[in-house]
Colleague: 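Dropping the structure in here first, questions after.
Only a predicted model underlies this, so the values are computations on that prediction, with no experimental measurement involved. In what follows, chains are A, B, ... by sequence order, proteins preceding strands, each numbered from 1.
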Amino acid sequence: MAQVFNGGIHPRYFRELTRDKPLREAKLPGEVVIPLSQHIGAPAEPVVKPGDMVKVGTLIGRSSKFISASVHSSLSGRVTAVESRPHPVLGNALAVVIEGDGKDEHELFSSQDPENVSPEEVKKLILQAGIVGLGGAAFPAHVKLTLPEGKKVDTFILNGAECEPYLTGDYRIMVERTDDVVGGLKIIKRILKAEKAYVGIEEDKAEAVKSMSEALKNEKSIEVIPLKVKYPQGGEKQLIKTILNREVPGGSLPLDVGCMVSNVGTALSVYEAVSFGKPLYRRVVTVTGAIVKNPVNLLARIGTRIGDLIEECGGLSENAGKVITGGPMMGLAQYSLDVPVIKGTTGILCLGEKEISFHEELPCIRCARCVDVCPMGLLPTEMRKKVKAGHWEELKDYSLSDCLECGCCQYVCPAYIPLVHLFKLGKSELQRIRQS
Amino acid sequence: MKEGFIITASPHIRSGVDVGSMMRAVIYALIPVVAVSIYLFRIKAVILIAVCIVTALLTEVIFQKIRHKKITLSDGSALVTGLLFALILPPGIPLGTAALGAVIAIALGKQIFGGLGYNIFNPALVGRAFLMASFPVLLTTWVKPFSLDAVTKATPLGLMKFQGAATPLLNLFLGQTAGSLGETSAVAILLGGAFLIWKGYIDWRIPAGYTFTVFLLGEFIHLINPVKFPSPFFQVLAGGLLLGAFFMATDPVTTPVTIKGRWIFGIGSGVLLIGIRIWGGLPEGVMYSILLMNMTVPLINRYTRPKPFGTRRGR
């Protein structure tokens, strides 16, 4: 059934660093810095002020617009500041700083029976819990699950591909929290009224395929699909192509071809919100890299300083050349260890000075390796020329907006050309032109 | 913990392949061809190869000095051009003539366009085309393999075209025939070509499209006139087709970037080759077929753009 998508690469995965170690609860931080914007859409509006006492789960930022998400405290203690702080994506952004009192008291909302809760109730709970897509994009989940008038979803796909090298958080969740993930999957499938659901897992994650299949063996309409290992298999469009052989056209959403995809971490959060009344105040973070002394998957409170999580994993055996939030293909290089874990932080990857390639750009030899690996069927070599020349209008003909920024082209480029950087630049330039 | 990390856009890892390693792979792939050429033409081969390579490297350095550019010998591209250029010359060519050709290959074939990555034509073939136009006799005088003195002998294609004599296919396959330094042994070329395809550095579509087109058209004309036109196996094995198909028509810089375009390039070269072999005044046509197709590359790229993902609905 499962096919393959065109293009893609086979990088070295380095999953052995963390994959066989059980999830561990991170130490309670003394202080958390919780940004009010951790998602796509409008920032949440602060509802606390310095001096206020909060518990774990207390609402500290209210979702202000439809496309936005609420933010909760991840620590019990006192609010010390509401001010601009370092942010892993935005540089600096408004954040609530909370000093812990060490008591770890929780404030949960009332839980529901996941088998019988009504779709409206679920959506309300998801909105209330501040759930966003945990695969990295952090799109507010209640928005995604609210289908526009006239749209129907016949198939729901749970994304357990986890194709980024190094990351194993989703894998550990599927192995250790199988029933809760399945619970979340069933809730989402039910509220979408999808007839069919699939769980896509790369076949090298055999343990996860086994436990998920076992948990779903009595479900006729839910199937686990082992996928060929290839990056970016976990890209939404690639996943839909391989499992359903449907292609989402450029500029469209999976909805337009009748399906929806969510990450396993998101399904787990949905289940926790519904059955335990828990808002999203912690997530799994893969702290990894060859230079990390004891790499492991940590259950970290949102707002924990990433430097603290690295320390908790024994620190580094040599100087880091790069510290990345997310994976090595699409993650963001950080300038400081003071940035906090946010809802979209899938991992913290430390690369040693010797592991990073930093090489002067060479002339393009038009070898077209980038063309061969592009999973979107684009021509990176030509797009590069247009960006460099500033031919913005012509870029539209090359479907630059379809670029996933997955990095395959740059990964294989023998001339060290920073293609993704150029495409990001081209995209923002096009957006600027459109707006003016 | 030390801070002051390097900040770049993603991705943060890359494959180990760079321009230098790709060029080195081409050199490795040519080892069997070079070995056979030295076996057949002895010291003449060694000297000719050395002269071409040294001249190519020197020309590259001098040109880059004049243009105040960084010296980029380490990328290996001038070395590849020099070596390939030697391999498409007649083994008995005077060394001065060969050196002149190597200068032209690098200077007019590559540097004048702006250096590596910007040239339109395959540099080695530009050098050879120049010599062909300037010294047609020297470029069509062939020596017999294993002979230390200059005993001339016609190439298999020449024998066929001008005397109607066929060379046994096994000789063509193994390479004990007259011809350019590196073109005579099909088996050595196929070994190197297979290595490059396996490494993923060249696309099999170009050599496949090129040779199959020559084979099919060769079969067609052979059926029409078996006396004048030899068997398609002969068309494929004789002359420089295989060397051209695996090592010249696959030059990344001067061939299309699209997959469809690579098919067109290979097939187009094949059609031109057979046309030249039938109607041309010369027995051979690999050089001109590739050079002519080089000119069409921008056009091919333009009209063979792939359809982006999602525009192929309902497949």
Colleague: The test is salt bridge (Lys or Arg N to Asp or Glu O under 4.0 Å); show your working for Arg262(B) and Asp372(A) and say whether it passes.
Modeller: CA-CA 12 Å; Arg262(B) 292 174 220 160; Asp372(A) 294 348; 2.8 Å; yes
Colleague: Hey, does the side chain of Ser10(B) reach the backbone of Leu332(A) with a donor-acceptor pair shorter than 3.5 angstrom?
Modeller: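 No, Ser10(B) side chain to Leu332(A) backbone: no donor-acceptor pair under 3.5 Å.
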Colleague: Look at Arg246(A), Glu382(A), Gln238(A), Met329(A) and state which one has the largest set of heavy-atom pairs under 4.5 Å with chain B.
Modeller: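 The option with the most such pairs is Met329(A).
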Colleague: Quick check on the interface: out of Pro11(B), Ala9(B), Pro252(B), who has the most heavy-atom pairs with chain A under 4.5 Å?
Modeller: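 The residue among Pro11(B), Ala9(B), Pro252(B) with the greatest pair count is Pro11(B).
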Colleague: Which atoms of Lys237(A) are under 4.5 Å from chain B, going by heavy atoms: the side chain, the backbone, both sets, or neither?
Modeller: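 Both parts, heavy atoms under 4.5 Å.
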Colleague: side-chain contact (heavy atoms from CB on, under 4.5 Å), that's the test. Do Ile13(B) and Tyr411(A) meet it? Break it down for me.
Modeller: CA-CA 7 Å; Ile13(B) 51 172; Tyr411(A) 177 84; 4.1 Å; yes
Colleague: Is Gln334(A) close to Phe5(B) at the side-chain level, that is, under 4.5 Å between some pair of heavy atoms?
Modeller: no
Colleague: Indicate yes or no: at least one non-hydrogen side-chain atom of Pro306(B) is less than 4.5 angstrom from one of Leu379(A).
Modeller: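 Heavy-atom side-chain distance check passes, below 4.5 Å.
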Colleague: Enter the distance from Ile324(A):CD1 to Thr8(B):OG1 here, rounded to the nearest 0.5 Å.
Modeller: 7.5 Å
Colleague: Between chain B and each of Pro328(A), Pro363(A), Ala368(A), Gly407(A), count heavy-atom pairs under 4.5 Å; write down the option with the most.
Modeller: Pro328(A)
Colleague: Would you check if the side chain of Arg366(A) reaches a backbone N or O of Gly117(B) as a donor-acceptor pair within less than 3.5 Å?
Modeller: yes
Colleague: Given side chains that start at C-beta, do those of Asp397(A) and Arg305(B) come closer than 4.5 Å, heavy atoms only?
Modeller: yes
Colleague: Specify which of Ser399(A), Gly250(A), Ser252(A), Gly331(A) makes the most heavy-atom pairs with chain B at under 4.5 Å.
Modeller: Gly331(A)
Colleague: Among Gly321(A), Pro418(A), Gly251(A), Pro11(A), which residue forms the greatest number of heavy-atom pairs with chain B at distances under 4.5 Å?
Modeller: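 Counting heavy-atom pairs under 4.5 Å, the top option is Gly321(A).
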